[in-house]
Each structure stands twice: as C-alpha cells, then as structure tokens.
Amino acid sequence: MTIRVNAKPVFLTALCVLGLAACAPEADGPSDADIARVGGPVAGGAVSAGAAEAQAEAISNCLDSIWEAQPEDERAFDRANDQIGGVSVSCAMSTTATKFVDALDALRAAAEAEDRAALLDALNIPFYYIDADGVTTQLTDADQINAAFDRIFDARVMGLLRRIDLAEVTVVPGEGAFLELGSLWLVADQNGGPPKIVTVNHQAMNEADAARARALETEPGE
C-alpha cells in the first residue's frame, strides 16, 4: 500500500527536540501523572517531590513487568540507563536499555558487514518506507522488503546505521524512538523485546541534512 503524507509536523517536532528550530511552548504542560508514566521533565524544569516519587515508582513498575522474563544480571544496567533524554525507555517503549544497546550494536555490525539477512531480521513487520517525496509504502512481508532493499537502504541509510548510537536516540512515548529527525524509527514489537526498525524515511533524512547545513552556516566564526 502506498500513500502520500505530509511529514513536516514530524520534522518540526524533531527540530524542536534537537534545538534546530525556534518552537513555541505548548500552553499546558504535562500532568504529574504523565510525568510519572514516562519519566519526562515537567514543563518549566522543576519536578515536585511527589512527582519525582511517583515517577520513580512508575519506572520501577515498568521495569518489574519487563524483568519477569529477563536475566537478573541485566537489571542494574537497565535501571541505571532507563531514561533517555528524560524519558523512561521501559515505560515509553516496553523494553529495556540492555535490549536497546544490544539491538543498536547488532544494527551497526550488520551495516558494517553489509549483512542483508541480519538487517532484514532487524525490521518490524509491517515496515514503512517513506521516499524523498513523502510517499509512504507499507511493506507487509520480508519478500517485499527484500525486493526494495537497495532502494530503501541506500548509502546514506547504511552510513547512519554504521554510526547509530544510543546517545543520539530520542524516545517518544507510545510511538517509539527516532534518529536523525525521524530518518529511522524503532519500536519494540513485544514486551521486553529488542527495538526493531519500523520506518526508514528518506524525506526526513533530506530534512536532517538541510538542517545540519543551516546550523553549520550560522556557527560563529564560519
């Protein structure tokens, strides 16, 4: 299935997150309940003692639900690294930091080796490809993805996979995690499972390149 989408709202949101565009704050900040659920910061920066306690309890509950099927030796790392950009990975994506790191390591290794089979195994089904014009194609089986593989995983996408890093990930509660202004989106398709690539977005990659070029042009001394 192929559809055309306007991806600009995604890019503008991502630009706000990365500080590459001036964005007005929302009129109403998140509630304490929302903060507790995802571990994110309160609008304005301050976190009340009650909200902080609720946040810690919520994260502990999220991790406990995932850890039922996880080895105990991963738990200290999972707890210490649960938050990315102030958002709880366990609550927002139902997976753990260990699974995230393992998945990104595997993606880097597959890209370095140009291992098509390993990359195909790392994709979520259904999988979405957005081309440079914003046309979205939903691919519902591995054969469809394999047939379009070289078009989707071009040199720029492979380069991004080779340098993929947890520090560059932005987590969006209920939606997954993205890199490079949405060039890649990842989701965990089962509780405690590894994040998998659900979307490759060439339009977003072009936007990221353009934003990067504009940022370089405005750097002091340039």
Side-chain angles (χ1 to χ4, degrees), residues 1-15 17-18 38 62 66 84-85 87-111 115-154 156-208:
M1 179 174 68
T2 302
I3 57 176
R4 183 176 293 275
V5 298
N6 179 2
K8 286 295 183 182
V10 174
F11 300 141
L12 289 176
T13 299
L15 285 168
V17 171
L18 298 180
V38 302
C62 292
I66 296 170
I84 298 177
V87 177
S88 165
V89 173
S90 59
C91 292
M93 292 186 63
S94 297
T95 192
T96 63
T98 297
K99 293 297 184 184
F100 227 122
V101 170
D102 288 347
L104 297 188
D105 286 347
L107 283 171
R108 279 195 304 272
D115 187 338
R116 179 181 294 215
L119 287 172
L120 288 172
D121 285 343
L123 305 183
N124 184 79
I125 303 292
F127 171 82
Y128 299 88
Y129 164 58
I130 303 176
D131 70 15
D133 296 319
V135 176
T136 299
T137 301
Q138 179 183 356
L139 304 172
T140 57
D141 62 57
D143 289 340
Q144 288 180 320
I145 300 170
N146 193 39
F149 187 91
D150 292 332
R151 177 161 49 96
I152 298 169
F153 291 91
D154 64 6
R156 288 193 305 168
V157 174
M158 294 295 283
L160 174 57
L161 290 174
R162 292 186 188 103
R163 66 177 185 273
I164 197 169
D165 190 275
L166 190 63
E168 303 300 321
V169 168
T170 299
V171 176
V172 181
E175 296 185 33
F178 70 81
L179 293 99
E180 295 273 336
L181 304 189
S183 299
L184 292 178
W185 278 88
L186 302 100
V187 298
D189 61 356
Q190 57 183 309
N191 191 47
K196 294 185 175 183
I197 300 175
V198 67
T199 302
V200 170
N201 188 334
H202 284 207
Q203 187 182 40
M205 186 162 281
N206 289 341
E207 291 282 342

Do [X] and [Y] touch side chain to side chain, with heavy atoms closer than 4.5 Å?
| X | Y | result |
| --- | --- | --- |
| T95 | P195 | yes |
| L139 | L123 | no |
| I125 | I145 | yes |
| F178 | T199 | no |
| V157 | I152 | no |
| L184 | V200 | yes |
| W185 | E175 | yes |

**OP:** Could you pull out all residues at least two apart from Y129 that satisfy ring-ring contact (aromatic ring centres under 6.0 Å, His included)?
**Re:**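 For Y129, the residues satisfying ring-ring contact (aromatic ring centres under 6.0 Å, His included) (neighbours in sequence not counted) are H202.
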Could you pull out all residues at least two apart from [X] that satisfy side-chain contact (heavy atoms from CB on, under 4.5 Å)?
| X | value |
| --- | --- |
| A177 | M93, F100, V169, V171 |
| R156 | D154, M205, N206, D209 |
| D189 | N124, K196 |
| R162 | A111, E112, E114, M158 |

Heavy-atom pair of closest approach, residues [X] and [Y]:
| X | Y | answer |
| --- | --- | --- |
| A92 | V87 | CB-CG1, 3.8 Å |
| S88 | C91 | OG-N, 3.1 Å |
| N201 | G182 | CB-O, 3.3 Å |
| G193 | A188 | O-CB, 3.7 Å |

Here the ring-ring contact (aromatic ring centres under 6.0 Å, His included) pairs for residues 131-154, sequence neighbours left out, are F149-F153
### Message
The test is side-chain contact (heavy atoms from CB on, under 4.5 Å); show your working for L186 and V198 and say whether it passes.
### Response
CA-CA 5 Å; L186 302 100; V198 67; over 6 Å; no
I need the [X] [atom1] to [Y] [atom2] distance, nearest 0.5 Å.
| X | Y | atom1 | atom2 | answer |
| --- | --- | --- | --- | --- |
| R163 | E180 | CZ | CD | 5.0 Å |
| R108 | D165 | CZ | CG | 6.0 Å |
| I84 | L166 | CD1 | CG | 4.0 Å |
| Q203 | T136 | CD | OG1 | 8.0 Å |

- Among D102, V89, I66, which one satisfies side chain to side chain contact (heavy atoms under 4.5 Å, CB included) with T96?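 Exactly one pass, corresponding to I66.
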Under the salt bridge (Lys or Arg N to Asp or Glu O under 4.0 Å) test, which residues partner D115, sequence neighbours left out?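 Scan of D115 (salt bridge (Lys or Arg N to Asp or Glu O under 4.0 Å), adjacent residues dropped) gives none.
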T98 meets the side chain to side chain donor-acceptor pair (under 3.5 Å) criterion, sequence neighbours left out, with D78
Going by the salt bridge (charged side-chain N to carboxylate O under 4.0 Å, His left out) test, which pairs reach into residues 136-153, not counting sequence neighbours?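 Residue pairs passing salt bridge (charged side-chain N to carboxylate O under 4.0 Å, His left out), neighbours aside: R116-D150.
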Practice item. Using atom types as modelled and distance alone, determine if a side-chain donor or acceptor of D133 lies under 3.5 Å from a backbone N or O of V135. Key: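 Here the side-chain-to-backbone pair does not exist.
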